[in-house]
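This is a predicted model, so every value here is computed, not measured.
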Amino acid sequence: MANCIRTSLLAAITLLMASAPALAQGSARDALALFPSDTEQFAYANLDELRSQANYMEIQTRLLSTQLRGFMDFFRTMGIDPDKEVNEV
C-alpha cells in the first residue's frame, strides 16, 4: 500500500514538473500579447548578471542607446543609482 502511494505521488510530482514549462510559456505569450501589435522591439536585460561579466564596461558602452542612457539619467534624478539599485530592465 505504501509503495502504491509513493508511486502515485512520484507520478503526480513528475507530471507537475513536466507541465510547468508549458504553463510558463503560455504566461509569457499572454504577457507579450498585451503590447500593441505595432510594437517593433521588446527587450529585457538582467543588469545584475551583466555587471558580473569581466567586459561589462565595454558591453555597456556598445549597447546603451541614447534613449536608455536618458532612462538611466532619469533614475539618477530620482536618487536611484542604476548601476547599483537596478537589476533588471
Task: Closest approach of T39 to P36 (non-hydrogen atoms, all atoms of both residues) - done: OG1-O, 2.7 Å
Open item on the list: So which atom in E85 and which in G79 form the shortest heavy-atom distance, rounded to 0.1 Å?
Closed with: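 Minimum heavy-atom contact is OE2-O, 4.1 Å.
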- [ ] Taking the side chain as every heavy atom from C-beta outward, state whether R51 and N46 have any pair of such atoms under 4.5 Å apart.
- [x]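 A side-chain contact is absent here, since even the closest heavy-atom pair is not under 4.5 Å.
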- [ ] Evaluate the side-chain proximity of L47 to N87: yes if any heavy-atom separation is below 4.5 Å, no if none is.
- [x] no
Task: Heavy atoms from other residues, nucleotides or ligands near CZ of F71 exceed 12 (cutoff 6.0 Å) - done: no
Open item on the list: Counting neighbours of CZ on F75 that are heavy atoms of other residues, nucleotides or ligands and sit closer than 6.0 Å, is the number greater than 12?
Closed with: yes
Open item on the list: Would D83 and R76 count as a salt bridge (charged side-chain N to carboxylate O under 4.0 Å, His left out) here? Give the steps.
Closed with: CA-CA 10 Å; D83 293 320; R76 287 183 185 95; 3.5 Å; yes
